[in-house]
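Input: a single structure, listed below in C-alpha cells.
Just follow the structure's listing: the first ligand is 1, and inside any ligand the first atom is 1. Values below: every heavy atom of this structure, side chains too, minus hydrogens, waters and symmetry copies.
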Amino acid sequence: MRIIDSHTEGEPTRVIIEGGPQLGCGPLAERARRFAGEFDNYRCAAISEPRGHDALVGALLCEPCDETCKTGVIFFNNAGMLGMCGHAVIGTAVTLAHRGLIGLGMHRFETPAGIVSVHLNSANEATVDNVESYRFRHNVSVPVAGFGTVTGDIAYGGNWFFLTSDAPHPLEMENIPQLSEAAGAIRQALAVRGVTGAEGAGIDHVEFFGKPHAHDAHSRNFVLCPGDAYDRSPCGTGTSAKLACLAADGLLEPGETWVQESIIGSRFSSSYQLSRAGKITPRLTGRAYVCSEAILYRDPQDPFADGIVPLKRCVADPQNRPSPHTQQLVAE
Ligand code: PYC
C-alpha cells in the first residue's frame, strides 16, 4: 500500500493512495461494511503495529458515487470503521493538495456518514462543513464503577459522543492515562446499561470538557476514541457534537465562533448554521501538515503481515473474530 501520513493539529491521518482493498461500487456506507467484513486484514496491516500505531486514523480513497465529489473516503482506526472523521478530512485535503490533485478552494468528499464540503484555504489549512449534527439526549446520568455518577449529553457529530464536564482530573497532558481510564469506564457503563445513540447506535467516543489554557479559546477537551487512543486534535466530529449541544442549550448563536482547544493545546476554530429542525451544520477550521510518504509491504511470510492485533480490538467483525492471520497465530 502506498501511503501518505500527515497530522491535523497533532492527530495523525494515514491516506492510502494505492493498493487498498477493492470494495466495488455502491454507497460508501455499504463499502465501509464490506471493508470491515471482508478486508479487515488490510485495516489491521495499515493501522496496527509494526507498520502503524494506535493513534492513527486511516483514510482509504475511493471512487465517489456522487459525481460532484472529488473523492470518496472511508475512515478507520485500530478498532474498526469511523462514520466520519473531521481531522482526517482536513488531513486528506492537505494530502491531496500535496499530491497536486486538488487546488485551493471548495471540494466535496463523500464519506460513509454523508457528503462533506472542504474548503482548502492554504496548503496547510482547511475548513470543513461537516454532516448534520444534533444533540440526542440531555443530562443523562450513569453510575460508573470507581468514578461515581457521571452526567452528560449524547450527541451526534458524524460519530456518537457522550459529552461531560465531570472529568475526574484536570485536563492536563500528565493526566492522560487517568482520563483515558475514566473515559473508558464511562463508555463501558453506557454500553452495559444499554445507553445508546439513535436507533441503538453504540456510543464509542467519550469527551471531557474543561477550562481552556489559551485566553482566546472557549473550552479545552479530552476525547477518547474507540480503540482507546486519545485524540491529539480537538476532534472534528467531537467539536461538531459540542456545537450541537451549545446550540440546543442556546449558548452559541449560528455563525458565532467557538474555539475548541485539545488536550495538547492545539485548536479548531468552529461555528455552525442551523439546518433542518433541531439539527446544525458544523463548520471547523484546522491545520494539517504532511509528515511522510511510504510504501507498506505485506510479505505473506511475515508473521505480522496483518499487524499485531490485540483480540479485544477486533471489533470490526460483529462476532469479534480476529483476522484469519491472527486466528492462525492464536491456534499455533
Ligand atoms: O476528528 O472527527 C475527528 C476524529 C474522530 C476520531 C479521531 N478524530
Side-chain angles (χ1 to χ4, degrees), residues 5-15 32 43 46-47 52-60 73-95 109 111-114 116-118 125-133 155-163 176 179-180 183-184 187 197 201-208 219 221-245 258-264 266-270 272 280-289 313 315-316:
D5 283 353
S6 62
H7 77 85
T8 304
E9 303 296 348
E11 178 74 351
T13 305
R14 173 163 286 180
V15 178
R43 179 186 65 80
I47 288 292
H53 56 88
D54 281 348
L56 262 183
V57 170
L60 176 69
V73 53
I74 297 175
F75 303 109
F76 52 98
N77 72 356
N78 59 344
M81 299 294 136
L82 292 166
M84 228 304 283
C85 187
H87 92 266
V89 167
I90 296 172
T92 301
V94 164
T95 295
F109 292 178
T111 80
V116 298
S117 300
V118 53
E125 188 192 85
T127 297
V128 181
D129 284 349
N130 193 11
V131 295
E132 275 187 333
S133 302
Y156 179 76
N159 295 300
W160 281 99
F161 288 81
F162 183 80
L163 305 92
I176 285 171
L179 292 167
S180 300
R187 189 176 55 203
I203 299 167
D204 52 7
H205 292 70
V206 174
E207 196 167 7
F208 291 129
S219 160
N221 71 4
F222 169 86
V223 182
L224 189 73
C225 301
D228 293 343
Y230 72 93
D231 199 327
R232 279 70 173 158
S233 82
C235 190
T237 51
T239 299
S240 299
K242 177 67 177 174
L243 292 173
C245 295
W258 179 265
V259 177
Q260 185 64 58
E261 187 180 86
S262 76
I263 187 75
I264 68 162
S266 60
R267 48 169 65 196
F268 285 151
S269 177
S270 68
Y272 74 89
I280 62 160
T281 301
R283 173 168 285 182
L284 315 153
T285 299
R287 297 160 306 160
Y289 293 86
R313 294 260 171 81
V315 294

Query raised in the report: Where is the tightest heavy-atom contact between G58 and I47, given as atom of each residue plus distance?
Result: N-CD1, 3.5 Å
Requested in this report: With sequence neighbours left out, write down each residue that passes ring-ring contact (aromatic ring centres under 6.0 Å, His included) with Y156, or none if nothing qualifies.
Outcome: Y134, W160
Report task. For a side chain to side chain donor-acceptor pair (under 3.5 Å) with R283, tell me which candidate from D129, T239, T127 qualifies. Result -> D129
Report task. Could you pull out all residues at least two apart from R187 that satisfy salt bridge (charged side-chain N to carboxylate O under 4.0 Å, His left out)? Result -> D228
Report task. Taking the side chain as every heavy atom from C-beta outward, state whether Q260 and L284 have any atom pair closer than 4.5 Å. Result -> no
Report summary line: The side-chain contact (heavy atoms from CB on, under 4.5 Å) partners of S266 (sequence neighbours excluded) come to E9, P234, S262, I264
Requested in this report: Could you pull out every protein residue that has a heavy atom closer than 4.0 Å to ligand 1, ordered by chain and then number?
Outcome: E11, C85, G86, H87, H205, C225, D231, C235, G236, T237
